[in-house]
Amino acid sequence: MKFVERNGRKIAVISLDTLVIGSGCAGFNAADTLYDLGRTDAAILTEGIRMGTSRNTGSDKQTYYKLSLCSDSADSIYELADNLFQGGSVNGDTALAEAAGSLRSFMKLVNLGVPFPTNVYGEYVGYKTDHDPRQRATSCGPLTSKIMTEKLEASVLRKGIRIYDRMQAVRLITEKGALRGVAAIDLNRLSESDWGLTVFLCNQAILATGGPAIVYGASVYPESQTGMTGMALEAGAAACNLQEWQYGLASTKFRWNVSGTYQQVLPRYIAVDREGREREFLPEYFETPEQALSMVFLKGYQWPFDTGKIAGSSIIDIIVHHEVFHKGNRVYLDFRTDPMGLENGFGGLSEEARGYLERSGALLKTPIARLARMNRKAIELYAAHGIDLYAEPLEVSVCAQHNNGGLAVDLFWQSSVEGLYAAGEAAGTFGIARPGGSALNSTQVGSQRAAEHIACSAKKPVPAEELSGAAEQTAAELLSEMEALLSGGKTGILEQRDAFQKAMSLSAAHIRVPEEMEALAAKAGAELERFFADTRADSPLELPHAYKNRDMLLVQRAMLSAMALTGSACLSRGSALLASPEGAGVSMPGLTAGEELSAYRYLPGNGSHRGDWVKTALEGGEFRSEFVPVRPLPRTDDWFENVWNDYMRRTGALD
């Protein structure tokens, strides 16, 4: 680290080849792969080594989706790629790359010690997840991504790769459409005269900051996960499919997905009103309690809210949302007592539900007994966070869980800004739907692809520790901005964040209201224009949070642009129901409360533009979105000798 002085303030300058931003599965794997490929002048920058989604999130048994590796399960790279591609609005080349890299990435994790289970013969037996035509999924429990992160971190530490901890990236430095560096705030030096401003000069950066979790209030993302996608959008990087999200039921006291066995053990759904009165509410909406239980069971397989399943399992999400947001109740899953419909045993359940519980040895009294039999770790997880499912109900809501979009990337996970790569949830490689667990595969394949491309094709010398014109300008702008934030605007950081997060969750999540989204987009745009004049940081400690708020507003504005485009052209699709008083009402066989759910009138999807992805980019100070035809799924028929020679040229073996 070198310090230079500008206008009486010192600025830290660090020069290196490649900077990896983020310390989750994607970030650690990127740095680890770079090192193995000989690019050892690389470092990791992270707000906190223990923060982020990879280390702090999961579900009943968090899924890793991969190529089938068991017995006679016929599978192929192309078939896996095609299943990803068929999700809609997906580019074929990245789908094929994710499928092709699946086995290699999975086995790296196995060799690092991630305990994915095998049978006695060593086969990695799988199970079926949502949007999965085969049994490709595997898991090592509720904390799969946490274990992955820890094993990858251990490999990084063994190699001595530099980690700049407690550093928050806030601005990308670009020149002529290419990356030249990253400006960050050193959280350990906020009290100093430069407020911790640090400039990293580098030729490449891999953005592995996760999805833009900060945009929603109702969220299952850990509170430590915010993302930094807006920073890349502001630097000129195009986004892909920012409108496509996954939403689903999650606990709110401790943020966690309540998918899989949490639903399949058939908990009792209860609502508590403002006076503390409790009732089991699902049977009120159906002709029989058994019909409600069949839908609850299916939520285990079909956990994400899906507009194509409103006349099915996703009606549960609608009912829960109605109880919380329209009736003002708090909703809980109660595992202590059997729900209505099981008074006379399991005979009234659907054949699928009854057969599943019987095969699992879980035809037991009470949901908690069934959960203990099927997945004890799911109980232990909540106990570790002070929630005893044997003694108390679990509060839930419909929450944002995963952004299927992100930055637009090419075959090598490079963005539209030369030298800027994105991996993991920061990269937009998924479209309308994806198989559950495919995101973890994407963290590993995407970060590997980015690292390989840098190692094989990026040959620029490491920059000198001197501020270039672009870096100088960026540093001056940041110092001026921070001074303005500390001078006393009218809007506090927490007040600003809370207002925009709540508005997004109410108007632009799984229920999208076009008029409200349009008004919110205008409000976010106006807030951005006057951000440094009106936003108030009460102390230097709030400066990092102010920049997170600004990133939030940038991403919200970009998302709302993409949502407006798909809403007007496609109506409802994926996890987004487009509300309209002129639309169809919620209905399905056995549903008796359609009139009560009249607020959920919506325009059904028309199936259009599945062959396009949505590009969103900053143009003239405004975010603009457009449909772009997807890149087709390649059909390879390669001759080995030709591939071999091309590989040697590509990797520099012939140099």
Side-chain angles (χ1 to χ4, degrees), residues 1-16 19 21 43 45-48 164-176 178-202 205 207 209 214 226 228-236 417 420 463-493 496-497 527-554 618 621:
M1 184 180 294
K2 175 183 177 180
F3 287 92
V4 298
E5 189 170 311
R6 293 292 184 272
N7 300 325
R9 301 183 191 277
K10 66 180 190 305
I11 301 169
V13 181
I14 299 170
S15 180
L16 70 168
L19 186 67
I21 308 172
L45 179 151
T46 177
E47 287 179 53
Y164 292 97
D165 200 0
R166 290 185 52 75
M167 287 267 200
Q168 180 181 322
V170 294
R171 192 71 50 83
L172 298 179
I173 303 167
T174 60
E175 195 170 26
K176 296 180 181 178
L179 185 79
R180 293 290 180 262
V182 178
I185 296 175
D186 186 340
L187 304 182
N188 294 309
R189 297 194 298 111
L190 285 168
S191 61
E192 296 185 14
S193 63
D194 62 342
W195 302 299
L197 180 60
T198 305
V199 174
F200 289 85
L201 301 174
C202 55
L207 195 68
T209 51
I214 195 171
T226 55
M228 213 62 193
T229 301
M231 176 178 67
L233 297 175
E234 188 177 35
V417 174
L420 176 64
E465 284 186 327
E466 298 294 337
L467 290 179
S468 64
E472 186 101 44
Q473 181 181 344
T474 299
E477 288 173 354
L478 286 166
L479 289 171
S480 176
E481 292 166 3
M482 288 189 273
E483 194 166 8
L485 289 166
L486 291 167
S487 66
K490 63 181 180 181
T491 307
I493 304 296
Q496 183 182 62
R497 186 176 301 184
E527 194 83 354
L528 277 169
E529 283 185 14
R530 59 176 186 262
F531 186 85
F532 294 107
D534 286 2
T535 307
R536 183 184 72 253
D538 290 327
S539 78
L541 294 177
E542 287 195 340
L543 289 173
H545 300 288
Y547 278 97
K548 285 188 177 185
N549 279 18
R550 187 166 180 272
D551 205 81
M552 171 191 74
L553 292 167
L554 283 164
L618 192 59

Open item on the list: Is it true that R550 and T535 share a donor-acceptor pair across their side chains at a distance under 3.5 Å?
Closed with: no

- [ ] Locate the shortest heavy-atom distance separating F531 from L553; write the atom from each residue and the value.
- [x] CD1-CD1, 3.9 Å

TODO: Say whether, by atom type as modelled, one donor and one acceptor occur between the side chain of R497 and the main chain of H545 under 3.5 angstrom.
DONE: yes

Open item on the list: Could you tell me if the side chain of I11 sits less than 4.5 Å from the side chain of L479, heavy atoms only?
Closed with: yes

Open item on the list: Could you report the tightest heavy-atom contact between A169 and M228, atom names first, then the distance?
Closed with: O-CE, 3.4 Å

TODO: Could you check T226 against D551 for side chain to side chain contact (heavy atoms under 4.5 Å, CB included), going step by step and ending with a plain yes or no?
DONE: CA-CA 9 Å; T226 55; D551 205 81; over 6 Å; no

Open item on the list: Under the side chain to side chain donor-acceptor pair (under 3.5 Å) test against Q496, which residue among D534, T491, N549 passes?
Closed with: N549

Task: Residue that, paired with L45, satisfies side-chain contact (heavy atoms from CB on, under 4.5 Å) out of I21, D165, T209 - done: I21

Open item on the list: Is there a side-chain contact between E192 and D186 in this structure, where contact means two heavy atoms from C-beta onward sitting under 4.5 Å apart?
Closed with: no

Task: Residue pair K548, I214: steps toward the side chain to side chain contact (heavy atoms under 4.5 Å, CB included) verdict - done: CA-CA 8 Å; K548 285 188 177 185; I214 195 171; 3.9 Å; yes

Task: Over all atoms of both residues, closest heavy-atom pair of L16 and P463 - done: O-CD, 3.7 Å

Open item on the list: Check whether R9 reaches the backbone of D194 with its side chain - one donor and one acceptor, N or O, closer than 3.5 Å.
Closed with: no

Task: Nearest heavy-atom neighbours spanning G230 and L554 - done: O-CD1, 3.8 Å

TODO: Salt-bridge test for K2 and E466: reply yes if a basic N is under 4.0 Å from a carboxylate O, no otherwise.
DONE: yes

Open item on the list: Restricting to non-hydrogen atoms, name the atom on E481 and the atom on Y547 that form the minimum distance, rounded to 0.1 Å.
Closed with: OE1-OH, 2.8 Å

TODO: Find out whether Y164 and T198 are in side-chain contact, i.e. whether some heavy atom of one side chain is under 4.5 Å from a heavy atom of the other.
DONE: no

Task: Closest non-hydrogen atom pair between P544 and P540, with its separation - done: CD-O, 3.6 Å

